[in-house]
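Just so we're on the same page: letters track the sequence lines, and every chain starts at 1. Every heavy atom of this structure was used, including side-chain atoms; hydrogens, water molecules and symmetry mates were not. Everything numeric in this text was worked out from a predicted model, so none of it was measured.
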There are 2 protein chains.
Amino acid sequence: MKPLTHPHIDDITVEGILHAFSNPARIQIYAAMAAAECPQCCSAYLSIKGKILPKSTLSQHFAILRESGLIRSERRGNEIHNTTRCDELDKKFGGMIDGILDAYLAQSLAVRKKKR
Amino acid sequence: MKPLTHPHIDDITVEGILHAFSNPARIQIYAAMAAAECPQCCSAYLSIKGKILPKSTLSQHFAILRESGLIRSERRGNEIHNTTRCDELDKKFGGMIDGILDAYLAQSLAVRKKKR
DNA sequence: GCGCAAGTTCAGGAATACAGAACTGTTGAA
DNA sequence: TTCAACAGTTCTGTATTCCTGAACTTGCGC
């Protein structure tokens with residue numbers, strides 16, 4: 001099994017991050033991960049917004065998040081512990097990530113209100 | 001020829017914007033448009049970062065930017081005048097767009113420095 | 001009218017995304 | 001140690017999206 005590789009902070013690009021975020025499942029995964037208090041394994045995100053994702057799809061989403069530099073993944077025995085790289089990213093990209101997350105969370109809240 | 005339609009501000013979504021921005025040509029067009037002092041027609045962006053885009057490709061990029069709600073396009077006789085909708089967008093999405101643009105511009109600057 | 005320039009639409013091929021099936025590697029219990 | 005269950009990956013075919021050249025429409029000036 002391949003070792004998990006992460007791009008160096010200098011190799012992370014705005015376009016890569018925006019592409020990773022351009023998929024609804026991926027931005028939701030990232031938002032949930034950013035809100036989590038401790039590292040979560042991949043299968044914690046098998047069900048997202050009431051939809052169930054196939055494991056293979058999820059695995060590929062995680063690969064894209066990892067390769068774009070948004071998250072860090074570490075093998076812990078059987079599972080993989082995932083965390084955001086927000087400290088590094090905030091230093092490099094200023095308020096970009098937070099700005100996106102804030103807007104996304106505000107939108108999610110608004111949608112939930114509407115549904116009631 | 002179809003009339004140009006723009007989504008209502010309430011129908012603009014974070015995912016739509018991020019998808020529009022996930023393409024290098026589109027974010028560059030938007031950045032240039034945001035920096036321009038007056039409305040630009042589409043063909044002002046035929047050459048972007050040294051690359052020449054086919055007209056058809058450009059036309060579709062503009063359609064995506066328009067439908068995502070990022071820009072406003074108005075027919076002026078033969079050509080189309082394009083402007084960003086940044087006032088509305090800033091009101092709706094807080095610092096998201098500016099955060100993205102700032103990071104993108106900073107990255108572009110860094111790249112240009114490296115090339116020298 | 002004519003020619004030209006600005007954009008659009010269409011059609012194809014290329015690239016990318018998705019999901020089911022089969023797989024690898026790890027854990028824990030018998 | 002053997003084996004079943006579990007976490008995640010890889011492979012593969014299909015569906016979707018993206019890109020671009022060619023043909024087209026519309027508007028302007030001569």
Side-chain angles (χ1 to χ4, degrees), chain A residues 1-6 13 15-30 32-33 36 38-68 70-83, chain B residues 1-6 15-30 32-33 36 38-68 71-83:
Chain A
M1 201 165 280
K2 283 181 193 169
L4 299 170
T5 60
H6 300 84
T13 66
E15 290 94 327
I17 288 178
L18 295 179
H19 170 250
F21 275 157
S22 70
N23 178 290
R26 287 196 295 263
I27 191 171
Q28 172 62 35
I29 289 171
Y30 185 87
M33 198 181 294
C38 56
Q40 304 286 308
C41 65
C42 299
S43 52
Y45 305 95
L46 271 173
S47 140
I48 213 84
K49 292 209 164 183
K51 278 220 165 190
I52 290 180
L53 293 181
K55 279 197 306 175
S56 56
T57 303
L58 195 64
S59 174
Q60 291 170 108
H61 282 328
F62 270 95
I64 289 174
L65 287 169
R66 185 163 54 240
E67 285 159 18
S68 74
L70 280 168
I71 69 172
R72 188 173 295 284
S73 309
E74 293 178 47
R75 247 182 254 288
R76 283 278 190 280
N78 209 11
E79 39 191 46
I80 291 182
H81 283 190
N82 298 285
T83 49
Chain B
M1 204 165 276
K2 282 182 192 168
L4 299 169
T5 61
H6 301 84
E15 289 94 328
I17 289 178
L18 295 179
H19 170 249
F21 274 156
S22 70
N23 179 292
R26 287 196 295 262
I27 191 170
Q28 172 61 37
I29 289 170
Y30 184 87
M33 198 181 296
C38 57
Q40 302 288 307
C41 67
C42 300
S43 51
Y45 305 95
L46 270 173
S47 141
I48 214 83
K49 291 207 165 187
K51 278 220 166 191
I52 290 180
L53 293 181
K55 280 196 305 174
S56 55
T57 304
L58 195 64
S59 173
Q60 289 172 108
H61 283 328
F62 271 97
I64 289 175
L65 288 168
R66 188 180 327 120
E67 285 158 18
S68 73
I71 70 172
R72 189 173 293 286
S73 310
E74 293 178 48
R75 247 183 254 288
R76 283 278 190 280
N78 210 10
E79 40 189 46
I80 291 183
H81 283 191
N82 299 284
T83 49

Peer 1: Under a 3.5 Å distance rule, please check whether B:Arg75 uses its side chain to pair with a backbone N or O of B:Pro3 as donor and acceptor.
Peer 2: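 Side chain of B:Arg75 to backbone of B:Pro3, a donor-acceptor pair under 3.5 Å: no, none is there.
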Peer 1: My understanding is that only residues two or more places apart in sequence, or in another chain, count here; which of them pass side-chain hydrogen bond (donor to acceptor under 3.5 Å, both in side chains) with B:Glu15?
Peer 2: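 Per chain and number, B:Glu15 pairs via side-chain hydrogen bond (donor to acceptor under 3.5 Å, both in side chains) with A:Gln107.
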Peer 1: Quick test of your reading: applying side-chain hydrogen bond (donor to acceptor under 3.5 Å, both in side chains), list the pairs with at least one residue in residues 41-60 of chain A, sequence neighbours left out, ordered by first then second residue.
Peer 2: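 Residue pairs with at least one partner in residues 41-60 of chain A: A:Lys49-A:Tyr104.
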Peer 1: Please report, rounded to the nearest Å, how far the P atom of D:dA7 is from the CD atom of A:Glu74.
Peer 2: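 Rounded to whole Å, this separation is 19 Å.
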Peer 1: With heavy atoms under 4.0 Å as the rule, sort B:Ser59 into base, sugar-phosphate or nothing.
Peer 2: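 Contact class for B:Ser59: base.
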Peer 1: Nearest-Å distance, NZ (B:Lys51) to P (D:dC18)?
Peer 2: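 The distance from NZ of B:Lys51 to P of D:dC18 comes to 18 Å, rounded to the nearest Å.
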Peer 1: Each nucleotide N or O in nucleotides 27-30 of chain D that has a protein N or O under 3.5 Å away: list the pair and distance.
Peer 2:
none

Peer 1: Tell me every residue that passes side-chain hydrogen bond (donor to acceptor under 3.5 Å, both in side chains) with B:Glu67, counting only those two or more places apart in sequence or in another chain.
Peer 2: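 With neighbours one apart ignored, the set is empty.
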Peer 1: Does the B:Gln40 side chain pair with the main chain of B:Cys38, one donor and one acceptor, at a distance under 3.5 Å?
Peer 2: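 Judged by distance alone, yes, a pair lies under 3.5 Å.
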Peer 1: Between atom CG in B:Leu4 and atom C1' in C:dT9, what is the gap in whole Å?
Peer 2: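 Rounded to whole Å, this separation is 14 Å.
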Peer 1: In whole Å, what is the span from the NZ atom of A:Lys55 to the P atom of C:dA21?
Peer 2: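 Whole-Å distance recorded here is 12 Å.
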Peer 1: What integer distance in Å separates A:Arg75:CZ from C:dG25:P?
Peer 2: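 After rounding, the gap between these two atoms is 10 Å.
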Peer 1: Round to the nearest Å and state the distance from A:Ile80 atom CD1 to D:dC6 atom C1'.
Peer 2: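 Computing the A:Ile80:CD1 to D:dC6:C1' distance gives 13 Å.
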Peer 1: Can you sort out the partners of A:Asn82 under side chain to side chain contact (heavy atoms under 4.5 Å, CB included), two or more places apart, ordered by chain and number?
Peer 2: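 Once residues adjacent in sequence are excluded, the partners of A:Asn82 under the side chain to side chain contact (heavy atoms under 4.5 Å, CB included) criterion are A:Met33, A:Cys42, A:Phe62, A:Ile71, A:Ser73, A:Ile80.
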Peer 1: To the nearest angstrom, how far is A:Leu46 atom CG from D:dA7 atom P?
Peer 2: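 After rounding, the reported distance stands at 8 Å.
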Peer 1: Check this for me: does any side-chain nitrogen of one of B:Glu74 and B:Arg76 sit under 4.0 Å from a carboxylate oxygen of the other?
Peer 2: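 Yes.
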Peer 1: Measure the spacing between NE2 of A:His61 and CD1 of A:Ile48 and express it to the nearest 0.5 Å.
Peer 2: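 Rounded to the nearest 0.5 Å, the NE2-CD1 separation comes out at 9.5 Å.
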Peer 1: Using a 4.0 Å heavy-atom cut-off, write out nucleotides 14-19 of chain C from 5' to 3' as B (base contacted by protein), S (sugar-phosphate only) or - (no contact).
Peer 2: ---SSB
Peer 1: In whole angstrom, what separates B:Leu65's CG from D:dC18's P?
Peer 2: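 B:Leu65 atom CG is separated from D:dC18 atom P by 12 Å.
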